[in-house]
Asker: 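Supplied in C-alpha cells, the structure appears directly below.
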Amino acid sequence: MPTPGPPAPRTSASARAAVLSGLGTSLPPRVVTNDELAQRLDTSHDWIIERTGIARRRVAAPGTTTAALATAAGRAALASAGRSSCETVIVATTTPDRSCPATAPSVATALGLTGAAAFDVSAVCSGFVYALSVASSMIVAGLCGSVLVIGAELYSAIVDPDDRSTAIIFGDGAGAVLLERGERSAPGAVLHHDLGSDGEGRDLITVPPGERFLRMRGREVYVRAVPTMTASARRVAEAAGWRPGEIDGFVGHQANLRILQSVAKRLELPDERVIANIAEVGNTAAASIPLALASAAGQGRLARGDRLVLTAFGGGLTWGSTALLWSGARPVHQEVEPLS
Ligand code: UT7
C-alpha cells in the first residue's frame with residue numbers, strides 16, 4: 001500500500017483562489033535600438049522616445065518560434081515556483097506558430113508535460129489578462145490545481161519592417177506565471193477580473209484577410225485606450241474593495257508610456273506606482289504584462305502583499321484587468337531555446 005500523502009487543504013469554494021507562485025521570462029538576445037531603426041526608416045530616436053517611451057526592443061533571430069519563447073518563459077516560471085510540473089498550460093499569443101493547431105500543446109510537451117490540458121487564448125494585447133482569468137476560474141472551480149499562463153509573442157513575424165508606425169513599437173518576448181490553488185487571503189491571490197470587447201474596432205489593429213503584416217491606426221487606438229483602461233482598472237479595484245488611490249502598483253499593458261501615465265493620472269496614482277519597462281522591450285503584446293511584472297519584481301519594486309492592478313487594451317478591440325495581491329515571487333529569466 002502506498003503511504004497516504006498529506007490531506008488535501010480544506011479550502012471551501014468561496015475561500016479558494018488561484019495564487020501566483022512563479023514568474024518567468026524569456027527574451028531573444030538581439031537588441032534593436034531606435035538609432036538602428038532610424039538608419040532605415042524615416043524616424044528618429046527623439047521622435048520614438050518622446051511619443052512612445054521606447055528606447056530599444058528585442059527581436060528574435062530567424063527560425064525562432066513563439067513556442068520556443070513560450071517554453072523558455074514557462075520553464076522559468078516553474079523554476080521560480082520550485083515546481084517541475086503543472087496540470088494545464090495556456091498560451092496567450094497573437095502570433096501562433098501555426099493557425100492550426102494551437103501553440104500550447106507543443107509548449108507543454110517541450111516542458112515534459114505531455115498529457116496536460118493545453119490551449120491558446122487569442123485576445124491580442126489583452127491575451128495575458130484574459131488567460132489569467134480563465135486559469136484562475138479553472139482553479140476556483142476545482143477543475144485543476146495548477147495552471148501555467150504564458151504570454152508569448154513573435155511580432156517580428158507580422159510587423160512590416162518598412163512601416164514606421166508599427167516597426168518602432170513592437171518587440172518579441174515571453175513572460176509566464178504559475179498559478180496554484182490557495183486561499184484568497186494569501187499573498188499572490190488573484191482576486192477579481194474585468195473583461196470586455198468592442199468588435200466595431202476590429203480594423204484598428206489587424207492583419208487584414210489575405211495579408212501578411214499588421215496594420216494599426218495608432219491615434220484612434222490611443223484615444224480609446226486611455227478611458228477604457230481607466231474604467232476597467234477602476235472597476236476591478238472597486239470589486240477588490242480598494243479605492244483607486246490604494247493601488248500599490250499599476251501594471252498596464254506596455255503599449256505607450258504616455259498611455260500609462262494618462263491612465264495613472266486619471267486614477268490619481270503617483271508616477272512611482274506605475275510599473276513600466278517599455279523603454280527596454282517595447283510593446284510585446286500578450287507578453288508585456290508578465291515582462292513588466294518581472295522587471296519590477298527583479299528591481300525590488302514590489303513588496304509581498306502589495307495591491308496590484310494589471311490592465312490591458314488592444315486588438316479586437318479587447319480590454320481587461322486583474323486585481324491581485326503580490327506574492328513575492330522571485331522572477332527567473334531563461335534564454336530562448338530552440339525546439340527539438
Ligand atoms: O498594443 C496594442 C494597443 N496599441 C496601442 O495602444 C497604440 C496606441 N497608439 C500609440 O501609441 C500612438 O498613436 C503611436 C505611437 C502609434 C503614434 O503616436 P502619435 O502621437 O499618435 O502620432 P500620430 O500617429 O498622430 O502621428 C503624428 C505624426 C504624423 O505626421 P503628420 O501627419 O503630423 O505630418 C505621422 O506621420 O507623426 C508621424 N509619424 C512618425 N514620425 C516619425 C508616425 N510615425 C512616426 C515615426 N517617426 N515612427
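Read the numbers this way: they start at 1 and go in the same order the structure lists the ligands and their atoms. Everything numeric in this text was worked out from a predicted model, so none of it was measured.
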Asker: Who's closest to atom 4 (N) of ligand 1 heavy-atom-wise, of Thr166, Thr318, Val221?
Answerer: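 Residue with the shortest heavy-atom distance to the ligand atom: Val221.
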Asker: Of His45, Glu220, Arg51, Gln254, which has the heavy atom at the shortest distance from atom 22 (O) of ligand 1?
Answerer: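 Of the listed residues, Arg51 has the closest heavy atom.
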Asker: For ligand 1, note which part of Leu41 has a heavy atom under 4.0 Å away: side chain, backbone, both or neither.
Answerer: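 Looking at Leu41 and ligand 1, no heavy atom falls under 4.0 Å.
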Asker: May I ask you to test the Pro28-Leu69 pair for a side-chain heavy-atom distance under 4.5 Å?
Answerer: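 In contact.
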Asker: Answer with side chain, backbone, both or neither: which part of Thr43 has a heavy atom less than 4.0 angstrom from an atom of ligand 1?
Answerer: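 Both parts.
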Asker: May I ask you to say whether Arg307 pairs ionically with Asp248, meaning some side-chain N is under 4.0 Å from a carboxylate O?
Answerer: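 A salt bridge links Arg307 with Asp248.
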Asker: Is the closest heavy-atom distance from Ala285 to ligand 1 below 4.0 Å?
Answerer: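 Contact absent.
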Asker: In Å, rounded to the nearest 0.5 Å, how long is the span from CG of Leu260 to CE of Met229?
Answerer: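 Here the rounded value is 6.0 Å.
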Asker: Given the rule in the salt bridge (charged side-chain N to carboxylate O under 4.0 Å, His left out) test, do Glu36 and Arg30 qualify, once you have shown the distances and angles that lead to the verdict?
Answerer: CA-CA 12 Å; Glu36 183 178 338; Arg30 186 163 130 66; 2.9 Å; yes
Asker: Side-chain contact test, heavy atoms from C-beta onward, threshold under 4.5 Å: evaluate it for Phe213 versus Pro161 and give yes or no.
Answerer: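 Yes, their side chains come closer than 4.5 Å.
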Asker: For Asn256, counting its heavy atoms only, list the atoms of ligand 1 lying under 4.0 Å from any of them.
Answerer: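 So the answer, numbered in order with elements, is 10 (C), 11 (O), 12 (C), 15 (C).
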Asker: Under a 4.0 Å heavy-atom limit, does Ile169 contact ligand 1 with its side chain, its backbone, both, or neither?
Answerer: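 It is the side chain that touches ligand 1; the backbone stays farther off.
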Asker: Applying a heavy-atom cut-off of 4.0 Å, say which part of Ile48 lies close to ligand 1: side chain, backbone, both or neither.
Answerer: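 Contact part for Ile48 vs ligand 1: neither.
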Asker: Kindly indicate, with the supporting measurements, whether the criterion salt bridge (charged side-chain N to carboxylate O under 4.0 Å, His left out) is fulfilled by Arg215 and Asp163.
Answerer: CA-CA 9 Å; Arg215 301 292 169 208; Asp163 177 3; 3.4 Å; yes
